[in-house]
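Chain letters run A, B, ... following the sequence lines, proteins first and then strands; every chain starts at 1. On a predicted model such as this, the values are computed, not experimentally measured, just so you know. Only this structure's heavy atoms are used, side chains among them; waters, hydrogens and symmetry mates stay out.
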Protein chains: 2
Amino acid sequence: MTGTKKHTVKSIAQMLNVSTATVSNAFNRPDQLSRELRQRILAECERLGYSGPNPAARSLRTGATGVVGVMLADKLAYNFTDSCALEFLQGVSQVLDDAQVNMLLMPGRREFYREKSLEAIPERYILYGPPRDMGILERIERQRKPIVSVDFSLPNHLALNVDNYGGAKAAAQHIFATTDGPVYVMGLRLTKTPMMKRIDEEELRSPDLSISRQRLEAYLDAGREAGRPIRTEHIWSSNESTWYEGIQAAREALNSVPRPAALLCMSDQLALAALSVARELEIDVPGQLKIVGFDDTPEARRNHPQISTVYQPSVEKGRLAAMMVLNPERYESRVLPTTLHIRETS
Amino acid sequence: MTGTKKHTVKSIAQMLNVSTATVSNAFNRPDQLSRELRQRILAECERLGYSGPNPAARSLRTGATGVVGVMLADKLAYNFTDSCALEFLQGVSQVLDDAQVNMLLMPGRREFYREKSLEAIPERYILYGPPRDMGILERIERQRKPIVSVDFSLPNHLALNVDNYGGAKAAAQHIFATTDGPVYVMGLRLTKTPMMKRIDEEELRSPDLSISRQRLEAYLDAGREAGRPIRTEHIWSSNESTWYEGIQAAREALNSVPRPAALLCMSDQLALAALSVARELEIDVPGQLKIVGFDDTPEARRNHPQISTVYQPSVEKGRLAAMMVLNPERYESRVLPTTLHIRETS
DNA sequence: TCGACTGTCCGTAAGGTTAAACATAACCCG
DNA sequence: CGGGTTATGTTTAACCTTACGGACAGTCGA
């Protein structure tokens, strides 16, 4: 009910008997006016509760929105539970904050966009993992804005990857070197159809560049090189890296015959779940069963026993992705290193 | 280098020989034109890669941005590591997604805002915890936009709280009933100066409505009612609910004499840290030491042993906060219930 | 002393959209 | 048939900002 009229550059300008351009400059180009006038204007704005030029009008005029879209593979809620994604986002937000740029989190499934599409807002995109719904990708590419893809590659765009193959291979080699019995794989999203728990021969032969497949290839290669190839029926897959799905898959794997001597897990989340099931079945880790994870999330380190895992620089990955998308011309596609950390579960 | 001219309502309109208003209506008011014309326009837009009216121009014209600001107490990075905050955000994003509204995460410290302030963008605010820098609050209130405060209250605005006192009291009563020795408190942000590990008498007497203090009062009252008042020097405080700080405080507490028989922790994070230190010192939980947490985060449930804790509906809190801020006139301030979950650490 | 330069400030013209008011034709009902 | 409704479009006027080209006075170098 308070008739507090909205302030604009114009109203401020009138009040001070200067031009609107000058008020604008006071905010945006300090060098365009004398220090004292600028101070006077800013003080008046403060007094009147005018907190700077209207962002909508500005971005209409300049054509820039100051927003970077971070498209996550799936729906948002899921990523809020995945600490690997969280560390990545943390890295991104550090850099974006410094650059005074906003981060718009976007789900990677078209169902979440109705008609009033948001795609128009961001000026640049970070794609964290291949979007579930690849149709969205096409629409984004059509906008011809800077794109950085993370954990996968896109022709003609900057890509930021991690040495999944190297890390997974190191982990697998370590396991094969310290184990005699059968080695099982706890995979992530290996099958095309969400409900499948096992990958089949045919699917195994079809090409796929996802990080899961890179890791799987490394596991398989290590097995072959050790003269103990991993059998297809020993590869389990859970569709999401959630606690519940992990528990289910681990329960099936650990109850099967012959019982595995080691579990190569494609995420720490899965390793944690496997560990929990092992405790439930009274299987001693690492005595009877060795477990190695992937990602090196904080939970892996904090757990008892501490989980052996492959470190990947998630925060740094986020920081770098943000820097790359802000200055695409200054960067080239990169692959970040991974390192095996042997701890208490192997 | 492709001369792909930018499309606008105007260019589309020209191309189809209709007015700009009609194109606009095709997107915003389906009832204002015939179904066929609308289809024709939409198809043409799809063909040309025009993904709808420019959001900046729209919001300049309508005065609405479709953005809800979620102001977090501190810097953003911190919240990405606190699973209680994460669950809250998850709840918020569920509702906001459905309402086609965007969520802008904002840090609660002024240092993060330079001149090109973002405060002007959001049309409504959710304040998650009292902002570190209260000056920011004043500036937001001046804008006279809907505000919902969560976990604290603000005169003349909707507030959403949780029964901290009740939950903490139940936890403390349970501990006093099952323990004989000294009961220590592991607090959160109890002291004004960040570096202090112990609260002093004077500070204890100064009023404070933060959730930490509500919980503390409950602990103290329970102690008094049990005839075993908690001594001031048995109250520890860590400034952030991080793993590292928790470990430090727990180490000091568990090494002090007399050794506590129970720890009332103000967060699960702290309880987890305490548990880890207990293991390090070979103190049996719950045999020699009982521990109870707060929040009931997923980690509390997954841990071995599972942590006894006070459940608060974090996701629901987020959902409700979002609904309240979208329809302030339909809601009143509320206090959500908490429940004690006794598990394996007490 | 003159021309060139510098430091300040101003006027104007977009920029893409939509609400409101207006226009037109088709339709309906007694 | 006449008056009023409905369905469908159009015209116009903001919304608030900033880039750009000028304008004007004072300063500097030769």
Pull out every protein N or O sitting under 3.5 Å from an N or O of nucleotides 23-25 of chain D, one pair per line with the distance.
none

How does each nucleotide of nucleotides 10-19 of chain C score, in 5' to 3' order, for protein heavy atoms under 4.0 Å: base (B), sugar-phosphate only (S), or none (-)? BB-BBBBBBB
Is there a side-chain contact between A:Ser210 and A:Arg189, using heavy atoms and a 4.5 Å cut-off? no
Side chain proximity check, A:Ile140 to A:Met71, heavy atoms < 4.5 angstrom: yes
Identify the two heavy atoms, one from A:Pro130 and one from A:Ala73, that lie closest to each other, and give their separation to 0.1 Å. O-CB, 3.8 Å
Using atom CZ of A:Phe27 as one end and atom P of D:dT18 as the other, report the distance to the nearest whole Å. 9 Å
State, to 0.1 Å, how close B:Lys317 and B:Leu160 come at their nearest heavy-atom pair, and which atoms those are. O-CD2, 3.3 Å
Taking every non-hydrogen atom, the tightest pair across B:Glu332 and B:Met324: O-CE, 3.6 Å
Value in whole Å for how far the P atom of D:dG9 lies from CZ of B:Arg38: 13 Å
Going through the checks in order, is the side-chain hydrogen bond (donor to acceptor under 3.5 Å, both in side chains) test met by B:Arg58 and B:Asn28? CA-CA 11 Å; B:Arg58 161 182 291 156; B:Asn28 306 311; 2.8 Å; yes
For nucleotides 23-28 of chain C, tabulate all protein N/O to nucleotide N/O atom pairs closer than 3.5 Å, reporting atom names and distance.
none

Within the 4.5 Å heavy-atom criterion, are A:Met106 and A:Tyr125 side-chain neighbours or not? yes
Polar side chain donor-acceptor pair, A:Thr8 to A:Asn54, under 3.5 angstrom: no
Tell me, do B:Ser149 and B:Tyr128 make a side-chain contact under 4.5 Å, heavy atoms counted? no
Starting from C1' on C:dG7, measure out to CD on A:Glu36 and report it in whole angstrom. 12 Å
Point-to-point distance, once rounded to the nearest 0.5 Å, from CG of A:Leu154 to CG of A:Leu127: 6.5 Å
